[in-house]
Amino acid sequence: MALERFVTKTLALLEKERHAEIEETSYLHEKLPPKELERKGVCLLKLQVASHASGLYGRTVVTFEPFWMKKELPPHNMNPGDIVQLSLSQSDMGQKEGLATGLVSRVTPSSIAVAFDESQKLESLDSDLQYKLLKVANDVTYQRLKRALTDLHKAERGPSCHLVNVLFGEEELYPSEESQDLKFFNTNLNECQKKAVEFAIFQRDIAVIHGPPGTGKTTTVVEIVMQAVKQKQKVLACAPSNIAVDNLVERLVNLKQKVVRLGHPSRLLPHLQKYCLDAILTSSNAGKLVIDVKKDMDKACAQLIKCKNRGEKFKYTEEMKFLRKELRQRMSLATKEVLEHADVVLVTLTSASNDGALRELKDDYFNLVVIDECSQAIEAACWMALPRARKCVLAGDHCQLPPTIISEEAAKEGLEETLMERILKLYGNQIKRMLVTQYRMHHLIMQWSSDKLYDGQLVADSSVEHHLLRDLNGIEDGELTSEPLLLIDTAGCDLWEMDVPEEISKGNKGEADIVNHHVRRLISCGLSVDEIAVIAPYNLQVELLRLRLSADFPKLEIKSVDGFQGREKEAVVISMVRSNKKGEIGFLAENRRINVAITRAKRHLAIVCDSETLNHNDFLCSLMEYMSNKGFVHTAHEYIQEGITGVIHSDKTELLHEIEKCNKKKKSTDKKQNKSKQLTKKENDEKRQKELHQILTDFANNSSETTKAFPPSLNSFERMLVHEIAVKLGLSHLSEGDGEDRHIVVSKSKGDNLAKLQAITEEKLEDTINALNIDEEREKCSHCMRDILKNNFHLHVMHCSRRVAAAQKTLLTTQPLPQPSKSKNKPKKTDKMVKALTNIDADDFDGLITAAMNINSRCGFSKCKQKTQVLGVDCQFCRLRYCFSHSLPEVHGCGHEAKAHARSTLVKEGVVYRGSGVPSKLPNPTKKAQLQKKLDKKLTNMADQRKSKPKKS
């Protein structure tokens, strides 16, 4: 049977693709050290556990953050949905085995959350140890594809059995239903779009919508979904990418449809996240019950982590199992309720499997499955969604880029062939309707692609048929802006491609120079950078073009062909790169790749190439002939004579010199820009300092105001200025609120000293205020020995500590280190506060406060990590917090200060307190009473034993 042959063959090809992906990933992991992997963005080192929480379907979500005082994660490529392996850092355990494997669920600049299955024991993770996360090959998608193929045999007996047999040619197509007049929601549809909608609605099993570039394929698909919903049908809409699915969601939401978007919220566009399943569950009644159960799970998990007793651990483990079961049940009911309330459920193809939210629905729940961009997905992915309905609509363009396949062997053997291509070979136009009116390109840009790939059927709409660059506002009318097609031919000019190994990609310095000049000419004609795209088929050429253009035009899009599918620009410049005596064109022989590159342009298309090299391929030869006949042709000799480029004989060494030269130019430009930014920043800082000083001075002179609150929108530099100016003016200043609501409140000191303050100059203000007799509680700073207002004392000590640390660091770099003292009585004291604050930016007041709070949450003794949030003792000498074991001043290094304090108290007050002199040898009265009680009890027992026993009768 065709079905069995397809399943067997595809499983084998998927296995080859899987091995190719693993080999590619393993090569990086085995050959490179962890630091290099971190630089490449596939590994995060030195992480600590920040929190545990329960996630969907009983999963455990663990949040990791940088270890100790680092504020942000290094640059990385880990995104929600990626598979990561958790293991201990090599600094802690020299082992490479992973502790667990999870899925990235949330990423912020300062943390990363990973969801682990309930089967993995994670309660024993220690917050004091260092961990690392390594991005690994995504096995989830492969397992889903494999399961979807093996389940196809079940579909033969399910509600979609006829559709499955039709798609494999084992049953005949059902005749279409009788056509009826449809009332279209979108009144702007053209005739071919309306016919495509009618065809798709009245087909009983399958319909294919073939949409070439710019023909409004997605608009047609949305209309089909709307008509199906109008007929009370339940629709499952899918696409291979999140962007394509979000595009459908956005259009359906604008038409007031009841939709639910499945998938991780982090992968959705921000303004569409409220339509995802998680957001809807949170606001529903059933979802609130789920949240309550999750809170109970979090509490039980916290208790499980804290408890040490084996019996208590067993108790909380059993409670966790019970709560997980209840969570799954409630989650299942809530999910089912939300999905059944929607008319359209939207999801990516790989998320339409039975291990997701769709498992809550019956097999025959949906009436229609719609797959947009079907030509960009491998066929196995489509079979995750197709068995869920009796009818399907496929939309796409099989003449554009196919799905990305890593294994070349698997691609050649058939994995690259899509479902759309296969069934069109099977049924042809019998199941297809093609959209022929396009709304993007000038008719000359469109015509070659139409003739070669679409049988000349494409027609340019009157709104775009003759539009040119000169028709845009602000564009000069000249030769360059009046031609839709331009060919710059480098044949015979010796502008050869670089002679580098195949694995380094391909580049052409001469073509890069010409493209650079042409783009600058377009911009000089008034065209915006945002309206221009530069496309090259090779990544090395993309890099060469970026080195020439990105420094001056950072918003200019320079990408490979694959990165530009689905996009469009007013003007597109293409560099074909290949120029050699052998006539080798590499993967330029892929017709679909050339089609995508050509059809991105709307008003102007420029191609830079060597026609002699490209003429070795019939498809490209026809393109050269078309450009020569219909467009304007330049020869590269003109650019050589103008000195724009020269004869190129490039090798790998010259390539490196070229890149180094461009990098130096870019660094020089960046240096000038940074210097200009620094000068501007300095001027703005000085201006802002004067403004804040004036505001606080006016407040100090105003007798009616007693407090002034600054808004939370102040940045860290402005907060620092407010604190410093308030100290100089003798004002009390406090930070109030948490998080985004944190703000500074300035208040006046007790006593009337405003008249004195007005007469004091700014230079002598601080010293004079200290001399004033202000009736306010003050404390003396141990670093600078100045009297500071009690409200401002802690912040002042933090600043002083930081200045002392900076001075010590400078002293150590300029003078030899002192020899350690041999005195046994000298204490060892580590000022963790100073060490931690040294790494914080001077302008970041919030960072300083956070650092101080983090320090106070743990014991201040060196190498002690005991937490002191609940139980701890504050030392009155060093003002750090210690656990009970290290709370004595003699233990943690403040012994000398304690002795000096005791002596000064004795001298000042003349009173000897307990412990200050010779210890008393008298017994403790309480202990004496306890011992007396025990003695009396023992004497009574002994007296009872001495009583004579009664005689036996």
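Note that the structure is a prediction, hence the values are computed from the model and not measured.
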Practice task
Would you confirm whether S351, through its side chain, and T348, through its main-chain N or O, come within 3.5 Å as a donor-acceptor pair?
Solution key: no
Handout entry: H341 and E337: side chain donor to acceptor below 3.5 Å
Key = no
Handout entry: Exercise: do D451 and Q447 side chains pair donor with acceptor under 3.5 Å
Key = yes
Practice task
Specify the closest pair of heavy atoms between V208 and M420, including all atoms of both residues, with the distance to one decimal.
Solution key: CG1-CE, 3.6 Å
Practice task
Kindly indicate whether a cation-pi arrangement holds for R147 with Y142, taking the cut-offs as under 6.0 Å to the six-membered ring centre and within 45° of the axis.
Solution key: no
Exercise for the section: Verify, without hydrogens or angle tests, whether S450 (side chain) and M446 (backbone) share a donor-acceptor contact under 3.5 angstrom. Expected result: no
Problem - salt_bridge(E531, K602) N-O dist < 4.0 Å - result: no
Handout entry: pair R390-D205: side-chain heavy atoms closer than 4.5 Å
Key = no
Problem - Side-chain donor or acceptor of R144 paired with backbone N/O of T350 under 3.5 Å - result: yes
Problem - Flag side-chain contact, heavy atom, 4.5 Å: F202 against E178 - result: no
Problem - Y454-W448 aromatic ring centre distance below 6.0 Å - result: no
Handout entry: Salt bridge R567-E557, side-chain N to carboxylate O under 4.0 Å
Key = yes
Problem - I598 CD1 to L605 CG distance, which is reported to the nearest 0.5 Å - result: 5.0 Å
Handout entry: Nearest-0.5 Å distance that lies between atom CG in L236 and atom CG in L358
Key = 6.0 Å
Problem - Short side-chain to backbone donor-acceptor contact, D471 and H467, under 3.5 Å - result: no
Exercise for the section: Work out which heavy atom in K146 is nearest to a heavy atom in L11; give both atom names and the distance. Expected result: CG-CD2, 3.8 Å
Problem - Donor-acceptor contact below 3.5 Å, side chain D455 vs main chain Q457 - result: no
Practice task
Please determine, by modelled atom types, if Q231 and Q227 share a side-chain donor-acceptor pair under 3.5 angstrom.
Solution key: no
Problem - Cation-pi, F199 ring and R433 (6.0 angstrom, 45 degrees) - result: yes
Problem - Polar side-chain atom of Q438 near backbone of D461 as donor-acceptor pair, under 3.5 Å - result: no
Problem - Sidechain-backbone polar pair: N247 side chain, I243 backbone, donor-acceptor under 3.5 Å - result: no
Practice task
For N367 and Q233, test the side chains for any donor-to-acceptor distance below 3.5 angstrom and give the result as yes or no.
Solution key: no
Problem - Full working for side-chain hydrogen bond (donor to acceptor under 3.5 Å, both in side chains) between N354 and R388 - result: CA-CA 10 Å; N354 280 326; R388 295 188 175 276; 2.6 Å; yes
Handout entry: Y275 and V253, any side-chain heavy atoms less than 4.5 Å apart
Key = yes
Problem - Any L349 side-chain heavy atom under 4.5 Å of C382 side chain - result: yes
Handout entry: pair D397-H210: side-chain heavy atoms closer than 4.5 Å
Key = yes
Exercise for the section: Taking the side chain as every heavy atom from C-beta outward, state whether P402 and S375 have any atom pair closer than 4.5 Å. Expected result: no
Problem - Shortest non-hydrogen separation from T599 to S449 and the atoms involved - result: CG2-OG, 3.7 Å
Handout entry: Atom pair CG/CZ of L145 and R18 - distance to nearest 0.5 Å
Key = 11.0 Å
Problem - Distance, nearest 0.5 Å, that separates CZ of R261 from CD of E250 - result: 12.5 Å
Completion exercise
A389 and L368 have their tightest heavy-atom pair at CB-N, 3.8 Å
Handout entry: Distance in Å, S160 OG paired with F366 CZ, rounded so as to fall on 0.5 Å steps
Key = 13.0 Å
Practice task
May I ask you to say whether K569 pairs ionically with D530, meaning some side-chain N is under 4.0 Å from a carboxylate O?
Solution key: no
Handout entry: Residue pair I574, V572: steps toward the side-chain contact (heavy atoms from CB on, under 4.5 Å) verdict
Key = CA-CA 6 Å; I574 303 174; V572 172; 3.9 Å; yes
Completion exercise
Shortest non-hydrogen pair, Q203 vs S176, comes out as OE1-CB, 3.3 Å
Problem - Inter-residue atom distance L149.CG - M384.CE, 0.5 Å rounding - result: 8.0 Å
Practice task
Indicate the atoms forming the closest heavy-atom contact of V259 with A342, along with that distance.
Solution key: C-CB, 4.3 Å
Handout entry: Salt-bridge criterion met for E421 and R592 (N-O under 4.0 Å)
Key = yes
Handout entry: Derivation and outcome, side-chain contact (heavy atoms from CB on, under 4.5 Å), residues I405 and E17
Key = CA-CA 7 Å; I405 307 295; E17 173 71 4; 3.3 Å; yes
Practice task
Report yes or no: does N190 contribute a side-chain atom to a donor-acceptor pair with the main-chain N or O of Q193 at less than 3.5 Å?
Solution key: yes
Practice task
Go through E373 and K217 one step at a time and tell me if the side-chain contact (heavy atoms from CB on, under 4.5 Å) criterion holds.
Solution key: CA-CA 9 Å; E373 303 294 356; K217 170 181 57 63; 3.1 Å; yes
Handout entry: Min side-chain heavy-atom separation V235-D343 under 4.5 Å
Key = no
Practice task
Kindly say whether the aromatic ring centers of H604 and H442 come within a distance under 6.0 Å.
Solution key: no
Handout entry: From CA spacing to verdict: side-chain hydrogen bond (donor to acceptor under 3.5 Å, both in side chains), T215, R440
Key = CA-CA 8 Å; T215 55; R440 176 188 298 169; over 6 Å; no
Exercise for the section: Could you tell me whether E177 and R204 have a side-chain N and a carboxylate O separated by less than 4.0 Å? Expected result: no
Problem - Check ion pair E417-K425 (N to O, under 4.0 angstrom) - result: yes
Practice task
Carefully, step by step, assess K16 and E413 under the rule salt bridge (Lys or Arg N to Asp or Glu O under 4.0 Å).
Solution key: CA-CA 11 Å; K16 291 182 179 180; E413 294 180 10; 3.0 Å; yes
Problem - Any side-chain donor near an acceptor of the partner, R359 and S332, under 3.5 Å - result: no
Problem - Check against side-chain contact (heavy atoms from CB on, under 4.5 Å), V596 and R600 - result: CA-CA 7 Å; V596 170; R600 299 308 98 194; 3.9 Å; yes
Problem - Side chain proximity check, V369 to K391, heavy atoms < 4.5 angstrom - result: no
